[in-house]
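Residue numbers begin at 1 in each chain, while the letters A, B, ... track the order of the sequences.
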2 protein chains.
Amino acid sequence: MTVTLADVAARARVSAATVSRVLNGNYPVAEATRERVLRAVDELDYVLNGPASSLAAATSDLVGILVNDIADPFFGIMAGAAQSEIGESGAEDDTGRAGAGSGSGRAGSSGRVTSAGRTGSSGRAGGEKLAVVCNTGGSPERELTYLTLLQRQRAAAVILTGGAVEDPAHQAAISAKLTKLADAGTRVVLCGRPPLAGGEAVVAALAFDNRGGARRLTEHLLALGHTRIGYVAGPAERTTTRHRLEGHRDAMQAAGLGGGAGGGAGDGPGGGLDGGERAGAEPGGARGAYDEERLTVHGLYDRRSGYVATLELLRREPEVTAIVAANDTVALGACAAIRERGLRIPEDVSVAGFDDLPFSVDAVPALTTVRLPLFEAGARAGRLAMGKETPPPGGIATIGAELMVRGSTAPPRVDTAVPGR
Amino acid sequence: MTVTLADVAARARVSAATVSRVLNGNYPVAEATRERVLRAVDELDYVLNGPASSLAAATSDLVGILVNDIADPFFGIMAGAAQSEIGESGAEDDTGRAGAGSGSGRAGSSGRVTSAGRTGSSGRAGGEKLAVVCNTGGSPERELTYLTLLQRQRAAAVILTGGAVEDPAHQAAISAKLTKLADAGTRVVLCGRPPLAGGEAVVAALAFDNRGGARRLTEHLLALGHTRIGYVAGPAERTTTRHRLEGHRDAMQAAGLGGGAGGGAGDGPGGGLDGGERAGAEPGGARGAYDEERLTVHGLYDRRSGYVATLELLRREPEVTAIVAANDTVALGACAAIRERGLRIPEDVSVAGFDDLPFSVDAVPALTTVRLPLFEAGARAGRLAMGKETPPPGGIATIGAELMVRGSTAPPRVDTAVPGR
DNA sequence: CTGTTAGCGCATTCAT
DNA sequence: ATGAATGCGCTAACAG
């Protein structure tokens, strides 16, 4: 029924071993026989049996990329970049770049279609790796499950993207799993995720400077003259959320607006997920740590959360003149909430996001945000996973975050600065 | 070094066969031994060898989902939905839904973390399928390559999403490849992609009613009083582009505004990718087929293309009162271009998109568009791929597209209706 | 350079 | 209900 190596060997009048050698290309073979084999392969339309190959070689060509939310461009961009570095066999930097601008449907590619019948249809496809992305949905369980599945497949490499959940038990479980993967020869790379405690198992960890970016963003707002800044944070248990929040509070404190306590590193996020428990906080009340918590609302990294949280923020403190969102998507929801309350952006309330996703520049007004080089980071992670690039010293690299000032932030209204209004 | 079935068997004092049976659960095993085996598995921290298992069983638990652009939420939403149906072992409809709103970072999940140490770490993970998404970048070659890679892995199922490239050679190559996959036992499902010519190889094809949706959208514009409607189309060679364009032209013709020729089905898209070749077309010139082409500009399915194409459209015909974009992302670019020219939306120019991606409702003004039930379609494709749902009659189902009228479309300015202005 | 020989780890017959 | 054998298709030593 299905064509095997032996069939090809017979057709080409060589041994199975020889066929294997030409297919894998990692062994000297006479040019003559080589061509004969290749022809037989094409004629028989032979396709290598992956499982058999992996079993014998004890390695597979599978490379897994774990993401929290595949519908979020934040992850899509990183995953796509990584995949482009992995899919191509080292060469063809061109095609990799093509996917950069999140552009789909390459228009000019139809001309090369005919050649595809040759490149793609036959079973040989050089050292092609199968780069696949797995959607964890942000669930620790699914993350572990996927890791096990990948381990089962003897994956060649695994790339973990996005912030981690700060649960000790889960951290430990992940760490243990990654160690086992590494022991089995799988290359593990972290992208946009803080380094592990005992990071020996990991080839490299690329961490975003969330804290620094957040700090610069809030400093920008402070320089504009804002003092009552609301913060719509992400899920409390994620590292990304904590780091961005810390950066924000660092800046607030430096400006003498934050609470002295709780500003340092390592403290768990304090705010509850849904507010409303502290009743009757008088507007324009005390500053400091109290305000800090009162002006922080946690939610998910999606639009709806931004909308809901902003409404809550506006309710708690109608005098806010600026709102910093956990990311651009959340910022969009915040904008919707602000407008719905009849306020203008940025005249009445400034809004800022994080990530600088493609749509941010198209918001009206364009969103002030912090740019994360997602594509570059993803591509680098891909190369690291393939061993095409040497890891940074210590296996850890911090990736810069650049402040992008645009139309959604402006100085606060003058009359708002007057106490009591 | 690595723990094998035999090790587990020895530890549990049974034969390897028995261990295999408990692990696969598809064979009667005494409860006592069963537990003994399971304990041994946990104690030894055994992880099944996927390749070996697949080789022996001649099937794997890999399910591939092909997308054109992973950074595009259009695909991300479908892929995520499909993956949620595939990943979970039939049950737990709840978790599947959780990913719906494109929400990442499930906030409430930390409570269940500890249980993960049990569910996820051990080698057994019931009939878990490994749902993976592969990013083709819209390139036919990569599409074929991925299909080959998946074939090599003896994938259990493959889901192809998004419009196809209308190149006969490529169509044939894909068809042939899918037939081979089906012959090898792989279940093939098409999602948001038109049925194949000889569709026997395919379990089911879920096609979006792009044509109908586009027609209704343009009818809406016509009802509003627009007559000069620019169309920013996608890549000329894709089915999605053609179908949407045809729907648009159908509506135009029905209103007596389209050219008699070229309106029917099956004609290749006429407009060149970059215009400007026909010089000095006098404004307010002849209607009909001529205008139809003049008012159509092709580009990619991304924001930049929408921006550039709209600028071109505005140059060719400053009197356009409405612009229909290939999709929402393109519409965003169109909006940017329109504003840059000092025009207001919708007062001066109405804008419409397609797909109704999450961000569309947040555009200012909110985007009139055509809603495609991406999540539902993806989920259904996932179930079809898993054999959890019976295919529609004939294996083909058309998925409705619903017009969403929002703020970005309005009647044209009265003075614009005056000829010569 | 090429052919021969052994397994890789597991799922299945077939027995019992 | 369980154990013993057989082979899935391929790669990797070894010869030669």
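- Checking D:dG9, D:dA12, D:dC8 against the side-chain heavy atoms of B:Ala56 singles out D:dC8 as nearest.
- Nearest heavy-atom pair across B:Ala173 and B:Leu144 is CB-CD2, 3.8 Å.
- Taking atom CG of B:Leu5 as the reference point, atom P of C:dC8 lies 13 Å away to the nearest angstrom.
- With distances taken from any side-chain atom of A:Ala52 to the nucleotides C:dC1, D:dG9, C:dG9, the minimum falls on D:dG9.
- Separating the CG atom of A:Asp7 from the P atom of D:dC8 is a distance of 12 Å, rounded to the nearest angstrom.
- Rounded to a whole Å, the CZ atom of B:Arg13 is 15 Å from the C1' atom of D:dG3.
- Considering only the side chain of B:Leu55, D:dG9 comes nearest among D:dG9, D:dT11, D:dG3.
- Taking for each of B:Asn26 and B:Pro51 the nucleotide of DNA chain C with the nearest heavy atom, the 5'-most of the two is the partner of B:Pro51.
- Remark: C1' of C:dC10 and CZ of A:Arg154 are 11 Å apart, rounded to the nearest angstrom.
- For the pair B:Arg39 and B:Glu43, the salt-bridge criterion is met [side-chain N within less than 4.0 Å of a carboxylate O].
- Distance, A:Arg34 CZ to C:dC1 P: 12 Å, rounded to whole Å.
- The side chain of A:Thr4 places no N or O atom within less than 4.0 Å of a non-bridging phosphate oxygen (OP1 or OP2) of D:dG9.
- As rounded to whole Å, 16 Å separates atom P of C:dG9 from atom CZ of A:Arg152.
- Between the side chain of B:Arg21 and the base of D:dG3, at least one donor-acceptor pair of N or O atoms lies under 3.5 Å.
- Contact annotation for B:Ala58: no contact, since no heavy-atom pair falls under 4.0 Å across all strands.
- Contact annotation for A:Val14: backbone-only contact, meaning every heavy-atom pair under 4.0 Å involves sugar-phosphate atoms and none involves a base.
- Distance from the side chain of A:Thr2 is smallest to D:dG9 among C:dT12, D:dG9, D:dT2.
- Listed nucleotides C:dG9, D:dG3, D:dG9 differ in distance to B:Ser15; the shortest reach to its side chain belongs to D:dG3.
- By the 4.5 Å heavy-atom criterion applied to side chains, A:Leu5 and A:Ser20 are counted as neighbours.
- Distance from the side chain of A:Thr18 is smallest for C:dT2 among the nucleotides C:dT12, C:dT2, C:dC1.
- Residue-to-nucleotide proximity on DNA chain C shows that, of B:Tyr27 and B:Ser53, the 5′-proximal contact is made by B:Ser53.
- Between B:Arg36 atom CZ and D:dT2 atom P there is a gap of 8 Å when expressed in whole angstrom units.
- Here B:Asn49 does not reach the OP1 or OP2 of C:dC8: none of its side-chain N or O atoms lies under 4.0 Å away.
- A salt bridge links B:Arg193 with B:Glu143: the distance from a Lys NZ or Arg NE/NH1/NH2 to an Asp or Glu carboxylate oxygen falls below 4.0 Å.
- When heavy atoms are screened at a 4.0 angstrom cut-off, A:Thr33 is found touching the sugar-phosphate backbone but no base atom.
- Comparing atom distances between the B:Leu48 side chain and each of C:dT2, D:dA1, C:dC10 picks out C:dC10 as nearest.
- Counting only heavy atoms from C-beta on, B:Val29 has its side chain closest to D:dT2 among D:dT11, C:dT2, D:dT2.
- A:Thr136 and A:Ser139 share no side-chain donor-acceptor pair at under 3.5 Å.
- Listed here is the closest heavy atom pair of A:Lys388 and A:Glu85: NZ-O, 2.9 Å.
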